[in-house]
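In what follows, a single structure is set out as structure tokens and then discussed.
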Amino acid sequence: MRGIFAGLPWWVKWVAVPVIALVVFGGLIASVVGFVIGLLFKALVFVALVGGLIYVVRKFMSGSSSHGDW
């Protein structure tokens, strides 16, 4: 691999090749990044909803006079 890039200018190695890789694999990279961000957002919403549910249940249970109904 070094033999292929040995006679080429620096801008081919450090500019042109990464740009070509981004053009070829850009859709795949965008899909993976979008999937990961979507998954993190869904996990954050899940944690917020579960935390809100726990808060509401504890608030309701502390206001209730009988704790031993369960």
Side-chain angles (χ1 to χ4, degrees):
M1 192 60 126
R2 289 186 182 185
I4 296 172
F5 290 116
L8 297 175
W10 66 269
W11 59 269
V12 173
K13 292 185 271 191
W14 299 107
V15 177
V17 173
V19 167
I20 292 171
L22 282 175
V23 168
V24 172
F25 298 109
L28 177 66
I29 293 169
S31 297
V32 170
V33 169
F35 175 75
V36 169
I37 290 174
L39 193 63
L40 288 174
F41 178 74
K42 288 179 183 178
L44 182 65
V45 169
F46 175 75
V47 168
L49 288 174
V50 169
L53 178 66
I54 291 172
Y55 174 77
V56 167
V57 168
R58 285 189 178 174
K59 191 81 163 172
F60 177 74
M61 292 301 291
S62 68
S64 176
S65 61
S66 60
H67 291 283
D69 288 344
W70 296 87

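Quantities reported herein were computed from a predicted structural model and do not represent experimental measurements.
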Co-membership, hydrophobic cluster, residues F60 and V57, 4.5 Å side-chain: yes
Sequence-distant partners of L8, side chain to side chain contact (heavy atoms under 4.5 Å, CB included), two or more places apart: F5, V12
Interatomic spacing from NZ in K59 to CD1 in I54 - rounded to 0.5 Å: 15.5 Å
Co-membership, hydrophobic cluster, residues W10 and I4, 4.5 Å side-chain: yes
Separation between CG of L44 and CG of L49, rounded to the nearest 0.5 Å: 9.5 Å
Partner residues of V33 under the side chain to side chain contact (heavy atoms under 4.5 Å, CB included) criterion, sequence neighbours left out: I29, I37
Co-membership, hydrophobic cluster, residues F46 and L40, 4.5 Å side-chain: no
Same cluster (ILVMFWY, side-chain, under 4.5 Å), V23 and F25: no
Cluster check V15, I20: I/L/V/M/F/W/Y, side chain < 4.5 angstrom: no
